[in-house]
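Notes for the one structure printed next.
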Amino acid sequence: MLDLKYIREHTEAVRKAIVSKRVQLDLDALLAQDRTVTELRTRVEALQAERNANAKAVPKAAKEEKGALIEKGKALSEELKGLEPSLRAAEEVLRDFLLRVPNVPLPSVPEGADDSDNVELRREGTIPAFDFSPLDQVELLEKNGWADFERVARVSGSRSYLLKGDAALLEQAILFFAMTYLAGKNLTPLSTTALIRPETLVNSGHFPGDEESVYYLPADDLMLAGTAEVPINSLYAGEILPLEQLPLAFAGLSAAFRREAGSAGRDVRGLIRVHEFRKVEQYVMCEPQDGMQWFDTLLANAEGILRALELPYRVVQNSTGDMGAGKLLMYDIETWVPSEGMYRETHSCSYLGDWQARRTGLRYRDADGKVQFVHTLNNTGIASPRILVPFLENHQQADGSVRIPAALQPFMGGKTSIGG
RNA sequence: GGAGAGGUGGGUGAGUGGCUUAAACCACAGUCCUGCUAAGACUGCGUACGCAAGUACCGAGGGUUCAAAUCCCUCCCUCUCCGCCA
């Protein structure tokens with residue numbers, strides 16, 4: 001959410017953001033609604049002031065004047081009963097508008113329609129050159145008895161996964177390694193819920209807009225989060241944090257659920273795109289002036305994890321059309337998948353400015369005692385099982401076994417390789 | 001799932017219809033006084049919108065009333081005891 005004052009004063013910048021982010025929104029209708037609300041509010045508040053003054057006068061009035069005052073109060077109350085609902089309805093409409101206004105991207109963000117206009121910033125690590133015919137993720141899993149896609153589909157439907165044996169341990173090892181790594185970078189480890197109230201998704205900025213990708217449990221009016229960003233963002237909702245508490249930086253491990261409604265038929269095979277997975281998410285609430293530095297830190301943390309896992313990757317900057325409404329700046333990390341001969345998105349680093357904090361009511365008292373919104377950022381730490389795809393494929397050996405990088409070996413009981 | 005208690009400003013907490021549209025204390029900030037790791041005096045001190053007057057907010061939403069933190073209804077949450085349970 002943007003500040004209404006900002007929208008009034010920087011209308012053209014907002015208009016440009018709406019166009020470049022491909023958002024459906026009539027900004028002029030929003031501004032007209034803003035004027036309607038202001039007019040209504042002025043009238044309602046004047047009436048309320050009159051009602052309050054009148055009510056205050058009643059007990060002090062002489063007996064013979066009381067009747068008249070009460071009659072006047074009744075009339076005022078009647079009039080307000082007509083107007084107040086209109087004001088509330090008008091404010092509601094305005095809020096619906098405001099929730100759809102995207103954040104204005106930083107000037108450095110490349111203009112673009114979608115992910116094909118993202119800009120590669122750099123490549124890191126070495127793409128493996130195999131002197132044998134490498135297997136793909138599914139072949140490796142099946143050869144080693146590490147998965148059972150057919151049977152788990154019987155239990156949980158398509159886009160499910162089940163890991164067995166060393167692969168099941170590997171998943172836990174990678175998640176725990178990532179948690180340990182981020183704890184070492186002074187992020188507070190968090191084991192958090194995926195079960196969330198619907199309003200937390202409005203807070204995070206996923207709603208309105210992303211309703212169809214979220215699981216809903218009507219019996220309890222709860223939803224399943226697609227990322228720990230959602231529960232962590234709402235953890236301090238409505239609070240005014242003392243300056244000493246900032247920054248709040250977390251590494252949150254949670255289950256993650258996505259309906260994948262818009263991606264029917266894409267990546268149905270294997271571990272790339274599943275409905276239920278596990279993810280370590282980095283999440284930061286900080287003072288505005290520290291936001292950019294945190295962006296670099298979160299990116300460096302993710303890269304540090306990939307480097308430790310000895311995986312080749314590239315960093316791309318997302319174009320305006322591929323950014324998501326709330327984002328000021330966004331980089332994806334894509335990790336090399338040998339069987340596809342391409343990089344696949346495994347991490348996503350976002351700087352939201354105060355856009356998310358405004359929705360959630362995340363504020364702090366600055367050094368001058370002024371109440372301000374914090375800035376929020378998030379980046380993947382590691383997400384499994386997707387990360388297993390490049391992991392298994394890049395580290396496979398001629399006999400079908402998979403090499404365990406040195407950094408991970410302590411988390412795998414000292415094993416240097418599995419399977420084969 | 002059953003029974004009960006409760007949700008008030010940064011904290012404690014008063015307040016069962018109008019002299020409280022939130023007392024008091026603590027914490028915090030400023031000024032003054034005091035020769036010294038102390039004590040005291042005074043003032044200020046929630047958030048949002050508004051130039052201001054003002055308006056709204058006492059878990060959320062409705063209702064009754066000239067007037068609601070206070071009465072009524074629905075919901076949410078917390079705590080205690082019992083039951084069930086990984």
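Labels below follow one simple rule: chain letters A, B, ... track the order of the sequence lines, proteins then strands, and each chain is numbered from 1.
- Nucleotide B/U64 has no partner under the Watson-Crick or G-U criteria, as no pair reaches both atom distances under 3.5 Å.
- For A/V58, whose side chain is taken as the heavy atoms from C-beta onward, the closest listed nucleotide among B/U47, B/U55, B/G18 is B/G18.
- The side chain of A/K56 sits closest to B/U21 out of B/C66, B/U21, B/U55.
- In this structure, A/R363 atom CZ and B/G10 atom C1' are separated by 13 Å, rounded to whole Å.
- The interatomic distance linking A/L80 (CG) with B/U64 (C1') rounds to 16 Å, in whole Å.
- Atom CD in A/E244 sits roughly 11 Å away from atom C1' in B/G10 (whole-Å rounding).
- Comparing atom distances between the A/K81 side chain and each of B/G46, B/U65, B/C77 picks out B/U65 as nearest.
- Across all strands, A/V371 comes closer than 4.0 Å only to sugar-phosphate atoms, never to a base (heavy-atom distances).
- For the C1' atom pair drawn from B/G30 and B/C75, the interatomic distance equals 45 Å after rounding to whole Å.
- Nucleotide B/G6 forms a Watson-Crick or G-U wobble pair with B/C77, both donor-acceptor distances falling under 3.5 Å.
- Using a 4.0 Å cut-off between a side-chain N of Lys or Arg and a carboxylate O of Asp or Glu, A/R88 and A/E92 do not qualify as a salt bridge.
- For A/E345 and A/R386, the salt-bridge test fails: no basic side-chain N is under 4.0 Å from an acidic carboxylate O.
- Between A/K74 atom NZ and B/A67 atom C1' there is a gap of 13 Å when expressed in whole angstrom units.
- Between the CD atom of A/E239 and the C1' atom of B/G11 there is a distance of 14 Å, rounded to whole Å.
- Using a 4.0 Å heavy-atom distance criterion, A/R43 is classed as making no nucleic acid contact.
- Classification of the A/F391-A/H395 ring pair by plane angle, with boundaries at 30° and 60°, yields perpendicular.
- Nucleotide B/C58 is matched to nothing when pairs are restricted to Watson-Crick or G-U wobble geometry with both distances under 3.5 angstrom.
- Here B/G54 presents its P atom at 15 Å from CZ of A/R51, a figure rounded to the nearest Å.
- When the C1' atom of B/A67 is taken as reference, atom CG of A/N52 falls 8 Å away, rounded to whole Å.
- Pairing of B/G44, defined by two Watson-Crick or G-U wobble distances under 3.5 Å, is identified with B/C28.
- Computed from coordinates, the A/K66 NZ to B/A67 P distance equals 15 Å when rounded to whole Å.
- As the counterpart of B/G1, B/C82 is assigned, both hydrogen-bonding distances of the Watson-Crick or G-U wobble pattern falling under 3.5 Å.
- Heavy atoms of other residues, nucleotides or ligands lying less than 6.0 angstrom from NZ of A/K16 number 12 at most.
- Phosphate contact (OP1/OP2 of B/G50, side-chain N/O of A/K5, threshold under 4.0 Å): present.
- For the pair A/R359 and A/W355, the distance from NZ or CZ to the six-membered ring centre is under 6.0 Å and the angle to the ring normal is within 45 degrees.
- Remark: B/G50 base-pairs with no nucleotide in the shown strands. Criterion, Watson-Crick or G-U wobble with two distances under 3.5 Å.
- Nucleotide B/A23: unpaired (no Watson-Crick or G-U wobble partner with both distances less than 3.5 Å).
- Taking the nucleotide of RNA chain B with the nearest heavy atom to each of A/R41 and A/A55, the more 5' of the two is matched to A/A55.
- Using N1 to N3 plus N6-O4 or O6-N4 for Watson-Crick, or N1-O2 and O6-N3 for G-U wobble, each under 3.5 Å, B/U37 pairs with nothing.
- Relative orientation of the A/F295 and A/Y351 rings is tilted, given thresholds of 30° and 60° on the angle between their planes.
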